[in-house]
S.K.: 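Sending over a structure as structure tokens; questions will come in a sec.
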Amino acid sequence: MSATLSPVAAAPRVLRLHADDDVVVALDQLLPGAVLAGEGVTVSALVPPGHKVAVRTVAAGAPVRRYGQIIGFASRDIAPGQHVHVHNLAMGDFARDYAFARDARATPPAAQPATFQGIVREDGRIATRNYIGILTSVNCSATVARAIADHFRRDIHPEALAAFPNVDGVVALTHGSGCAIDAEGEGLQVLQRTLGGYAAHPNFAGVLVVGLGCETNQIPRLMAAQGLEPGERLRTFNVQESGGTAAAVARGIEHVKAMLPRANDVTRQPVPAGALVVGLQCGGSDGYSGITANPVLGAAVDLLVAQGGTAVLSETPEIYGAEHLLTRRARCAEVGERLVQRIRWWEEHCAHGGARMDNNPSAGNKAGGLTTVLEKSLGGIAKGGSTNLNEVYEYAMPVRARGLVFMDTPGYDPVSATGQVAGGANLICFTTGRGSAYGCAPAPSLKLATNTALWQRQRDDMDLNCGEVLDGRKTIAEQGAELFAQMLRTAGGERTRSEVHGYGQNEFVPWQLSVVT
């Protein structure tokens with residue numbers, strides 16, 4: 001008679017992030033009655049993966065800590081073993097010690113210089129891609145711009161670019177503004193700054209700007225405001241002066257054809273990694289974002305900064321409540337103060353519109369385990385690594401400083417990334433825990449999955465699985481080095497998943513600040 005051995009259930013996995021934390025993060029689904037090893041706590045209710053479970057008693061009104069920082073306040077008494085989420089954790093304000101520049105430290109240069117296969121423009125600027133772009137001054141010329149670009153689509157008209165293999169494509173970047181706004185207001189200035197940044201972007205070998213003719217955002221004024229000069233590389237025309245839609249499309253096609261030979265006359269060559277300007281994005285975040293993908297990206301950013309490169313952290317509403325961790329790393333007090341000024345602007349902006357700064361996280365973020373904007377912000381700033389904060393920019397301003405910088409943008413990913421690219425970003429790194437369908441033209445976008453389940457479910461859209469950190473197969477430093485190498489390959493021409501799928505044109509979304517009249 002043979003004995004049958006009963007399987008032994010594996011101990012539930014949880015992660016403590018700091019000794020002072022009141023919660024740990026579930027790495028697996030926790031069932032009632034499960035005992036948390038090392039914590040001496042018995043789970044009292046089901047806790048989904050990525051969510052928090054209390055490991056000590058927290059009285060109603062008391063702060064709750066994760067990462068060793070306040071992520072909210074108990075809205076009722078919380079007992080050890082309870083699921084901690086929207087039903088018992090709420091947003092609240094608290095004093096932050098900005099300690100301007102107290103932790104600023106010099107970053108030693110990398111021991112070994114790194115390079116990527118970049119495109120060097122005639123004026124010395126470095127490109128990671130080689131597009132021809134069609135921009136619009138107003139929404140009214142969007143249909144014409146898209147029709148021009150469609151003529152050169154390789155999936156529809158492969159013959160159009162057959163003789164120009166070095167051209168990555170012709171893309172139309174349209175928007176919904178440009179008229180019925182204050183001609184002297186901030187909204188038009190921001191739109192023009194955004195369009196000007198794209199028109200001058202090194203990833204465009206040539207640019208065509210198409211207007212209607214009677215819009216507020218007149219092309220000559222746009223060009224003058226942004227210091228742009230028309231020429232062989234930068235061409236403009238209006239629909240109204242071209243004889244209507246069909247004639248305008250035909251005119252635009254001829255302009256692009258004229259730019260193609262020169263655009264195709266490029267070769268890639270080794271250039272320093274310091275030529276990279278990387279926009280840092282997160283979207284569809286979850287409870288693992290601040291544990292895996294964001295710190296992995298931060299580790300890669302530290303390597304980039306050591307090479308003399310630039311990383312642009314953004315999404316001001318999503319650093320809210322954690323900004324004090326950046327001001328401490330500001331290279332000087334003035335830089336830290338500029339960051340706080342942008343936070344104050346957002347508080348006033350939200351109050352004026354009847355909104356709140358804590359209207360984040362989104363429904364998807366909450367389903368993934370994030371409860372308050374404070375918690376989301378603490379995980380979000382991990383994308384910026386550990387080096388000094390060297391400068392703070394307003395939306396779509398040209399990024400001139402090297403190292404880690406901050407650009408004031410909304411938290412909405414397409415709007416935020418549009419500002420970063422307008423500022424000069426030639427690569428985007430985008431972390432996601434819930435899944436993202438995003439791409440960015442003319443800058444390639446790498447998407448980083450925070451967990452292996454997402455990687456397996458949506459692998460067709462993901463470029464790197466940072467869930468290997470959770471699975472114990474790699475350290476943050478190891479995967480950060482892997483990501484940095486992938487960034488260099490991507491900058492050198494290796495296509496991302498979003499490029500394979502044709503993302504990038506619809507994700508151009510300038511920030512609309514003006515009142516529409």
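What's counted below: heavy atoms across the whole structure, side chains too, no hydrogens, waters or symmetry copies.
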S.K.: Hey, does the side chain of Tyr131 reach the backbone of Phe204 with a donor-acceptor pair shorter than 3.5 angstrom?
M.R.: no

S.K.: With no hydrogens and no angle check, just 3.5 Å: does a side-chain donor-acceptor pair link Ser289 and Asn294?
M.R.: no

S.K.: Distance-only, no hydrogens or angles: does the His501 side chain make a donor-acceptor pair with backbone N or O of Tyr503 under 3.5 Å?
M.R.: no

S.K.: Write out all pairs satisfying ring pair (Phe, Tyr, Trp, His ring centres under 6.0 Å) with one or both partners inside residues 440-493, taking only residues at least two apart or from two chains.
M.R.: none

S.K.: Give a yes/no verdict on a cation-pi contact between Arg65 and Tyr67, requiring under 6.0 Å between NZ or CZ and the six-membered ring centre and an angle within 45° of the axis.
M.R.: no

S.K.: Should Asp93 and Arg96 be marked as a salt bridge (Lys or Arg N to Asp or Glu O under 4.0 Å) after you check the CA-CA gap, both sets of side-chain angles, and the distance that decides it?
M.R.: CA-CA 9 Å; Asp93 199 11; Arg96 270 90 94 184; 2.8 Å; yes

S.K.: Cation-pi check, Arg434 to Tyr288: give yes when NZ or CZ is under 6.0 Å from the six-membered ring centre and within 45° of the ring axis, no otherwise.
M.R.: no

S.K.: What pair of heavy atoms forms the shortest contact from Leu188 to Ser514, and how long is it?
M.R.: N-OG, 3.7 Å

S.K.: Decide, yes or no, whether a salt bridge links Arg400 with Glu391 under the criterion of side-chain N to carboxylate O below 4.0 Å.
M.R.: no

S.K.: Test your reading of the model: is there a side-chain donor-acceptor pair from Thr409 to the backbone of Glu315, 3.5 Å cut-off?
M.R.: yes

S.K.: Show the nearest heavy-atom pair for residues Ala74 and Val58, with the distance to one decimal.
M.R.: CB-CG1, 3.9 Å

S.K.: Would you say the rings of His83 and His85 are close, in the sense that their centroids are separated by under 6.0 Å?
M.R.: yes

S.K.: Do the side chain of Asn365 and the main chain of Ser285 share a donor and acceptor less than 3.5 angstrom apart?
M.R.: yes

S.K.: Once salt bridge (Lys or Arg N to Asp or Glu O under 4.0 Å) is applied, what residue pairs with a partner in residues 49-60 remain, sequence neighbours excluded?
M.R.: Asp22-Arg56, Lys52-Glu375

S.K.: Would you compute the distance between atom CD1 of Ile428 and atom CD of Gln420 and round it to the nearest 0.5 angstrom?
M.R.: 5.0 Å

S.K.: Between Trp345 and His349, what is the ring plane arrangement, given parallel below 30°, perpendicular above 60°, and tilted in between?
M.R.: parallel

S.K.: Looking at Glu323 and Arg342, does any basic side-chain N land under 4.0 Å from a carboxylate oxygen?
M.R.: no

